[in-house]
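Counting from 1, the numbers follow the sequence of the chain as shown. No experiment lies behind these values; they were computed from the predicted model shown.
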Amino acid sequence: MSFIIAEGNDRVLMEEMHHTFIKNKGNKVEQPANFTWSVHSTVIGGYYKMGQYDFLNQEGSSIAHFDLYSLVQSSDKPLTGKPDVLIYDATVDQWYVFNKTASDAIFS
């Protein structure tokens with residue numbers, strides 16, 4: 001799943017989405033041991049990519065890139081101690097905890 005938010009299409013929307021990602025990034029975390037783009041190839045306790053967001057300038061060059069990942073839970077024994085949602089900021093090559101409520105709002 002991928003979304004491209006391009007400058008010029010709706011500048012207000014682009015700025016609002018970008019601000020949502022920035023303000024809801026939490027603490028830095030290490031890259032998860034298991035992560036994938038496909039929910040079908042995940043393991044319990046791993047993360048799957050819910051979405052990829054590329055923010056482009058008028059020339060089509062990337063100015064920001066974020067990937068949102070969700071924790072794969074077990075239906076019979078919920079995991080604790082791991083963040084529900086992570087965000088990967090490709091612009092700085094860093095993983096962060098991401099606010100679950102903000103993530104839920106993005107996908108609703």
- Once the angle between the rings of Tyr69 and Phe35 is folded into 0 to 90°, is it parallel (under 30°), tilted (30 to 60°) or perpendicular (over 60°)? perpendicular
- Message: Applying salt bridge (Lys or Arg N to Asp or Glu O under 4.0 Å), can you list everything that pairs with Lys100, at least two apart in sequence or on another chain?
- Response: Asp104
- Task: Could you check Ile44 against Leu79 for side chain to side chain contact (heavy atoms under 4.5 Å, CB included), going step by step and ending with a plain yes or no?
- Result: CA-CA 9 Å; Ile44 301 300; Leu79 297 174; 4.0 Å; yes
- Message: What's the separation between atom NE2 in His65 and atom OH in Tyr53, rounded to the nearest 0.5 Å?
- Response: 11.5 Å
- Once you round to the nearest 0.5 Å, how far does CZ of Phe98 lie from OG1 of Thr101? 10.0 Å
- Applying the side-chain contact (heavy atoms from CB on, under 4.5 Å) test to Tyr96, which of Val85, Asn24, Asp89, Asn27 qualifies? Asp89
- Task: Classify the angle between the aromatic ring planes of His18 and Phe66 as parallel (below 30°), tilted (30 to 60°) or perpendicular (above 60°).
- Result: tilted
- Should Ile22 and Met50 be regarded as members of a common hydrophobic cluster, given that ILVMFWY residues are connected when their side-chain heavy atoms come within less than 4.5 Å of each other, either directly or indirectly? yes
- Query: Would you say the side chains of Tyr88 and Asp93 form a donor-acceptor pair under 3.5 Å?
  - Reply: yes
- Message: Just verifying a value: how many Å separate Asn34 CG and Leu71 CG, rounded to the nearest 0.5 Å?
- Response: 11.0 Å
- Would you mind reporting whether Leu86 and Tyr47 have side-chain heavy atoms less than 4.5 Å apart? yes
- Query: Would you find a donor on one side and an acceptor on the other, under 3.5 Å apart, between the side chain of Thr20 and the backbone of Glu16?
  - Reply: yes
- Message: Please evaluate residues Phe21 and Ile87 with respect to the criterion side chain to side chain contact (heavy atoms under 4.5 Å, CB included), reporting the C-alpha separation (whole Å), side-chain torsions for both, the decisive distance (0.1 Å), and the verdict.
- Response: CA-CA 8 Å; Phe21 288 116; Ile87 186 169; 3.5 Å; yes
- Item | Expected output: side-chain Gln52 to main-chain Leu68 donor-acceptor under 3.5 Å | no
- Message: On a heavy-atom basis, which atom in Ala64 and which in Thr91 lie closest, and how many Å separate them?
- Response: CA-OG1, 3.4 Å
- Query: At their closest point, which heavy atom of Trp95 faces which heavy atom of Glu30, and how far apart are they?
  - Reply: CB-O, 4.3 Å
